[in-house]
Amino acid sequence: MEKIGILTGGGDCPGLNPVIRAVVRRAELEGWEVLGFRNGWKGMIENEFVILDEQSVSGILPKGGTILGTSRTNPYKEEGDVDRLKSNFTKHGLKALVAVGGEDTLGVASRLSEEGLPIVGVPKTIDNDLNATDYTFGFDTAVNIAMECIDRLHTTAESHNRVMVVEIMGRHAGWIALEAGLAGGADVILIPEFPIDIDEVCAVIKRRHSRGKTFSIVAVAEGAKLSGKEVAAEKLDQFGHVRLGGIGQAVGELIEKKTGYETRVTVLGHIQRGGSPTAFDRVLGTRFGVHAVELVKEKKFGRMVSLRGREIKEVPLAEAVKQIKTVDKKFYQVARTFFG
Ligand code: F6P
């Protein structure tokens, strides 16, 4: 029986299980066996895997997270890991590997593919910052969760006449904060792509309050920069990324100090990544999974499935990981229309 492998790497996100299910169901139509490697690239290095069949993927469609587990393991970090990974690939006689991940996991996939491994990529991340695809699954769910949280903050902000600062994930891109902020009617949205002028933020809030409003909501992306700098922990992960967090608190303290309005800060954190995927993310994950197996069938390796408009296309993996996709000025300008 011919075999293909699948792994999920990087931060988890809602929609991964629909992809796994779709890959298994589509591969079974070809008569292929699917090996699910545990915890991202770690499972391929350590040869930890499970056999996936119709039975094992039954009921996982609405579940958040990934039944395979995930990690931020970088096989190019430790000497010998890439060789172990390649030897496991050969030992199983894999026809191909479906790598499901964001810029880091797919960056490794792209490199391994250039070195000759038959790999296809599936883009995932709540951050929606992957190049060469209009959307990644996970993003829609995260935006909806963050929007609902902003709705909830509105009622308590209004009752207490407070400024509520809400810190939203997204790494170095402001997509989640921008869309959740717009959908939730935030009064100011701060994102990494455009520098924060704290005096301007305070002026917007004061102007709003002078018009009779007694509360404000400020949505801040975790990667937004204050005085040109991100707020982050010092420790780096295996791909050299900082762990962002703390900008909400910093912005909140400055707003309270400069305006005199009582201010509270909420950090949404991993709530945005947990739980059941929206219908959009289930369908996108499913379409990506089916298409990934079709790419394997056609031997179109070194490619990533991608959403362009309403259609599923494929693009070179290298193109997907060459740079991140950030928010453009025109879109941010739409949000600015509603500031204050
Ligand atoms: O990339 C997804 C993401 O949730 C980012 O928005 C966030 O900065 C990061 O992962 C958090 O990573 P971790 O789960 O390792 O804390």
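Because the structure is predicted, anything quoted here is derived from the model rather than measured.
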Open item on the list: Would the distance check show the side chain of T8 and the main-chain N or O of G69 forming a donor-acceptor pair, the cut-off being under 3.5 Å?
Closed with: yes

Task: Beyond-backbone contact of T326 with D129, side-chain heavy atoms, under 4.5 angstrom - done: no

Task: Whether over 12 other heavy atoms sit under 6.0 Å from E115 CD - done: yes

Task: Smallest separation among heavy atoms of I247 and A221, with atom names - done: CG2-O, 3.5 Å

Open item on the list: To the closest 0.5 Å, what do you measure between CG (N47) and NE2 (H92)?
Closed with: 3.5 Å

Task: Carboxylate-amine/guanidinium proximity below 4.0 Å for K313 and E319 - done: no

- [ ] Quick one: do R282 and S276 satisfy side chain to side chain donor-acceptor pair (under 3.5 Å)? Show the steps, please.
- [x] CA-CA 9 Å; R282 292 181 201 192; S276 189; 2.9 Å; yes

TODO: Check the pair E294 / I312 against side chain to side chain contact (heavy atoms under 4.5 Å, CB included), numbers first and verdict last.
DONE: CA-CA 12 Å; E294 277 157 12; I312 307 293; over 6 Å; no

Task: Check: T266 and V165 side chains under 4.5 Å, non-hydrogen atoms - done: no

Task: For the student: nearest non-hydrogen atoms of G181 and A219, plus distance - done: CA-CB, 4.4 Å

Open item on the list: Looking at K124 and G11, would you say the former's side chain and the latter's main chain have a donor-acceptor pair under 3.5 Å?
Closed with: yes

Task: Nearest-0.5 Å distance that lies between atom CD1 in I150 and atom CD1 in I189 - done: 7.5 Å

TODO: Fit a plane to each ring of F331 and W175, take the angle between them on a 0 to 90° scale, and name the class: parallel (under 30°), tilted (30 to 60°) or perpendicular (over 60°).
DONE: tilted

Task: Heavy-atom donor-acceptor pair, T70 side chain to G40 backbone, under 3.5 Å - done: no

TODO: Kindly determine whether K258 and D199 satisfy salt bridge (charged side-chain N to carboxylate O under 4.0 Å, His left out), including the steps that lead there.
DONE: CA-CA 8 Å; K258 286 175 180 270; D199 291 324; 3.0 Å; yes

Task: Side chain to side chain, L68 and V50, heavy atoms closer than 4.5 Å - done: yes

TODO: State whether the side chain of S71 and the backbone N or O of N39 hold a donor-acceptor pair below 3.5 Å, judged by distance alone.
DONE: yes

TODO: Would you indicate whether the side-chain heavy atoms of E103 and F239 approach each other to under 4.5 Å?
DONE: no

Task: Straight-line distance of T278 OG1 to L284 CG, nearest 0.5 Å - done: 9.0 Å

Task: D83 with K86: basic N within carboxylate O range, under 4.0 Å - done: no

Open item on the list: How close do P192 and G223 get, counting heavy atoms only, and between which atoms?
Closed with: CB-O, 3.4 Å

- [ ] Please test V100 against T66 for side chain to side chain contact (heavy atoms under 4.5 Å, CB included), starting from the C-alpha separation and ending with a verdict.
- [x] CA-CA 11 Å; V100 190; T66 161; over 6 Å; no

Open item on the list: Once rounded to the nearest 0.5 Å, what's the spacing between atom CG of L61 and atom CD1 of I20?
Closed with: 11.5 Å

- [ ] Run the salt-bridge test on D12 and R273 with the 4.0 Å N-O cut-off and return the result as yes or no.
- [x] yes

TODO: State whether the number of non-hydrogen atoms from other residues, nucleotides or ligands found under 6.0 Å of R152 atom CZ is greater than 12.
DONE: no

Open item on the list: Quick check: do M169 and H270 have side-chain heavy atoms less than 4.5 Å from each other?
Closed with: yes

TODO: Quick one: closest heavy-atom pair of Q323 and N131, and the distance?
DONE: O-CB, 3.2 Å

TODO: To the nearest 0.5 Å, tell me how far C149 SG sits from I168 CD1.
DONE: 8.5 Å

- [ ] Please work out which of the three classes, parallel, tilted or perpendicular, describes the rings of F194 and Y332, given edges at 30° and 60°.
- [x] parallel

- [ ] Please examine the side chains of E28 and D53, heavy atoms only from C-beta on, and report whether any two atoms are closer than 4.5 Å.
- [x] yes

Open item on the list: Tell me if a side-chain donor or acceptor on S210 pairs with a main-chain N or O of R207 at a distance below 3.5 Å.
Closed with: yes

- [ ] Drop me the distance from Q333's CD to D328's CG, to the nearest 0.5 angstrom.
- [x] 10.5 Å

Task: Plane angle bin for F280 and Y135 - parallel if under 30°, tilted between 30 and 60°, otherwise perpendicular - done: perpendicular

Task: Same cluster (ILVMFWY, side-chain, under 4.5 Å), V296 and L106 - done: no

Open item on the list: Go through it in stages, so that I can follow the logic: the residues are T141 and D281, the test is side chain to side chain donor-acceptor pair (under 3.5 Å), and I'd like the CA-CA distance, side-chain angles, deciding distance and then a yes or no.
Closed with: CA-CA 7 Å; T141 308; D281 284 337; 2.5 Å; yes

- [ ] Could you pull out the closest heavy-atom pair between V108 and P75, with the gap in Å?
- [x] CG1-CG, 3.6 Å

Task: For the student: nearest non-hydrogen atoms of V290 and A22, plus distance - done: N-CB, 3.9 Å

Task: Atom NZ of K95 with >12 non-hydrogen neighbours under 6.0 angstrom - done: yes

- [ ] For side chain to side chain contact (heavy atoms under 4.5 Å, CB included), just list the numbers for E230 and V242, CA-CA rounded to whole Å, side-chain angles, deciding distance to a tenth of an Å, and then say yes or no.
- [x] CA-CA 10 Å; E230 291 174 332; V242 288; 4.2 Å; yes

- [ ] Would you indicate whether the side-chain heavy atoms of P316 and R303 approach each other to under 4.5 Å?
- [x] yes

Open item on the list: Does any part of the side chain of P118, heavy atoms only, come nearer than 4.5 Å to the side chain of F89, both counted from C-beta?
Closed with: yes

